[in-house]
Amino acid sequence: MALSRGLRCCQRVFSWIPVLIITSVALWSYYAYVFELCLMFILWFVCVNNWACCFVLAVAYLLVFHVCFVMFSWTYWRSIFTPAASPCKKFQLSYSDKQRYEMEERPDAQKQILVEIAKKLPIFTRAQSGAIRFCDRCQVLKPDRCHHCSVCETCVLKMDHHCPWVNNCVGFSNYKFFLLFLSYSMLYCVFIAATVFQYFLKFWVGDLPNGPAKFHVLFLMFVALMFFVSLMFLFGYHCWLVAKNRSTLEAFSAPVFVSGPDRNGFNVGIRRNLQQVFGENRRLWFIPVFTSQGNGHYFPLKNRSSESHNPLLANEDMWEESDDGSEEGSLGESF
């Protein structure tokens with residue numbers, strides 16, 4: 001027991017290493033750009049050559065750079081520290097249902113118990129075997145698009161993947177923040193590469209004197225381009241996923257419905273797909289505040305005929321307002 005606790009503790013410590021790497025690179029890039037390039041190098045040009053335009057250029061660089069850096073840091077922070085959303089209490093087995101399920105030894109009878117419970121919930125996806133998806137470790141019926149994360153040791157609503165670079169599960173509660181983090185990271189890298197390029201060339205051909213700034217400028221260029229190329233492919237892939245309304249897990253393994261597997265089961269059109277992630281207010285799309293639609297337990301289906309089998313589940317608002325309490329109905333507003 002003590003050994004397993006020690007291993008889990010070491011795993012949690014080591015899981016922060018990728019975050020520390022990204023943070024260190026970001027802080028170094030801030031120092032290199034602000035102090036070595038703008039304050040020391042460009043202002044040195046002003047003093048030596050009395051170029052007023054260099055001073056104006058340095059101020060403009062610093063203003064735009066800090067906007068990019070703040071948005072990059074803000075979205076990265078939200079991606080890391082926004083807790084992954086888990087299924088609400090309605091999807092947990094009651095004490096009596098749990099007793100029935102555990103005392104029943106026949107697998108078919110256990111499946112039937114889960115089917116009876118799921119009739120009261122907006123669950124339309126199934127396991128590969130056709131059974132109701134149930135997590136034995138969390139003891140919950142999995143809502144549509146929910147999966148268990150072995151790293152976080154919990155079920156995550158609309159789980160996309162576990163990202164080591166943010167040390168967090170990317171899912172319903174922080175998927176928008178993760179996309180914005182990718183986009184602002186690309187913008188940050190593009191701005192650095194575009195503004196450093198002319199000084200990179202001057203150093204490369206020997207037009208500028210050697211010094212500490214040369215090292216920082218050269219590496220700024222290489223690091224910015226390297227990160228931009230890798231981020232470009234990742235961001236493009238996630239844009240495609242958003243347009244199709246798929247998660248990374250669903251792209252590799254199609255969700256299974258009563259009628260069978262369907263990769264486009266949640267695809268309701270590009271506009272509505274975007275609104276599910278970013279919300280209806282377009283002015284908030286590029287700000288890292290939670291605006292995603294719904295509460296992560298229910299998602300509109302492309303083929304709504306399956307919802308018509310249960311009038312209660314055909315309307316999300318009716319389901320949220322039904323039963324006792326309003327805790328689950330307000331989950332979408334609590335993030």
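All residue numbers in this chain count up from 1 along the given sequence.
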In terms of relative ring orientation, are [X] and [Y] parallel, tilted or perpendicular, with 30° and 60° separating the classes?
X      : Y      : answer
Phe219 : Phe222 : perpendicular
Phe72  : Tyr76  : parallel
Phe178 : His161 : perpendicular
Phe299 : Phe172 : perpendicular
Phe257 : Phe266 : tilted

Minimal non-hydrogen separation, [X] against [Y], with atom names:
X      : Y      : answer
Lys142 : His148 : NZ-N, 4.2 Å
Asn267 : Ala243 : OD1-O, 4.0 Å
Pro288 : Arg78  : O-NH1, 2.9 Å
Gln293 : Gly279 : CG-CA, 4.5 Å
Arg106 : Glu104 : NE-OE2, 3.0 Å
Gly171 : Val156 : CA-CG1, 4.4 Å

Would you say the side-chain atoms of [X] and [Y] include a donor-acceptor pair closer than 3.5 Å?
X      : Y      : answer
Tyr61  : His66  : no
Gln92  : Gln139 : no
Thr82  : Ser173 : no
Asn264 : Arg246 : yes

Test item: [X] and [Y] side chains (from C-beta on) under 4.5 Å apart, heavy atoms:
X      : Y      : result
Asn245 : Gln276 : yes
His297 : Cys88  : yes
Leu274 : Ile270 : yes
Ser150 : His162 : no
Asn168 : Phe81  : no
Lys176 : Thr291 : yes
Thr248 : His238 : yes
Phe91  : Ile117 : no

Show me, pair by pair, the donor-acceptor contacts under 3.5 angstrom made by side chains of residues 13-28, not counting sequence neighbours?
| residue | atom | partner | partner atom | Å |
| --- | --- | --- | --- | --- |
| Ser15 | OG | Gln11 | O | 3.4 |
| Ser15 | OG | Arg12 | O | 2.6 |
| Ser15 | OG | Asn167 | OD1 | 3.3 |
| Ser15 | OG | Asn167 | ND2 | 3.4 |
| Thr23 | OG1 | Val19 | O | 2.8 |
| Ser24 | OG | Leu20 | O | 2.7 |
| Trp28 | NE1 | His216 | ND1 | 3.2 |

**Study point:** Derivation of the side chain to side chain contact (heavy atoms under 4.5 Å, CB included) call for Phe177 and Val170
**Key:** CA-CA 9 Å; Phe177 306 146; Val170 177; over 6 Å; no
If we ignore hydrogens and angles and just use 3.5 Å, is the side chain of [X] paired with the main-chain N or O of [Y] as donor and acceptor?
X      : Y      : value
Asn273 : Gln275 : no
Thr125 : Pro255 : no
Arg133 : Pro143 : yes
Asn174 : Cys169 : yes

Rounded to the nearest 0.5 Å, what separation is found between the [atom1] atom of [X] and the [atom2] atom of [Y]?
X      : Y      : atom1 : atom2 : answer
Ser247 : Phe252 : OG    : CZ    : 10.5 Å
Phe134 : Leu114 : CZ    : CG    : 6.0 Å
Tyr184 : Ser73  : OH    : OG    : 12.5 Å
Cys135 : Leu141 : SG    : CG    : 10.5 Å
Phe124 : Asp144 : CZ    : CG    : 7.0 Å
Arg263 : Ser253 : CZ    : OG    : 7.0 Å

Point to revise | Ion pair check, Glu116 and Arg100, cut-off under 4.0 Å | key: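 Answer for the salt bridge query: yes.
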**Study point:** More than 12 heavy atoms from other groups under 6.0 Å of CZ on Phe65
**Key:**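 Atom CZ in Phe65 is crowded, with more than 12 foreign heavy atoms closer than 6.0 Å.
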Review point. So does Tyr237 have more than 12 non-hydrogen atoms from other groups sitting under 6.0 Å from OH?
Key: yes
Exercise for review: Please step through side chain to side chain contact (heavy atoms under 4.5 Å, CB included) for the pair Asp160 and Leu241, ending with a clear verdict.
Suggested key: CA-CA 10 Å; Asp160 188 88; Leu241 290 178; 4.3 Å; yes
Practice item. Quick one: do Leu121 and Lys90 satisfy side chain to side chain contact (heavy atoms under 4.5 Å, CB included)? Show the steps, please. Key: CA-CA 8 Å; Leu121 299 170; Lys90 282 191 175 183; 4.2 Å; yes
Review point. Only one of Arg145, Lys158, Lys244 clears salt bridge (charged side-chain N to carboxylate O under 4.0 Å, His left out) with Glu250; which?
Key: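 Only match with Glu250 under salt bridge (charged side-chain N to carboxylate O under 4.0 Å, His left out): Arg145.
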State yes or no: do [X] and [Y] share one hydrophobic cluster built from I, L, V, M, F, W and Y residues joined by side-chain heavy-atom distances below 4.5 Å, directly or via other members?
X      : Y      : result
Leu220 : Leu62  : yes
Val140 : Leu93  : no
Phe69  : Leu182 : yes
Leu179 : Phe181 : yes
Ile80  : Val151 : no

Could you list the donor-acceptor pairs under 3.5 angstrom formed between side-chain atoms of residues 188-196 and any protein atom two or more places apart in sequence or on another chain?
| residue | atom | partner | partner atom | Å |
| --- | --- | --- | --- | --- |
| Tyr188 | OH | Ser29 | OG | 2.7 |
| Thr195 | OG1 | Tyr33 | OH | 2.9 |
| Thr195 | OG1 | Phe191 | O | 2.8 |
| Thr195 | OG1 | Ile192 | O | 3.3 |

**Study point:** Chi angles and distances behind the side chain to side chain contact (heavy atoms under 4.5 Å, CB included) call for Leu180, Ser183
**Key:** CA-CA 5 Å; Leu180 291 180; Ser183 61; 4.2 Å; yes
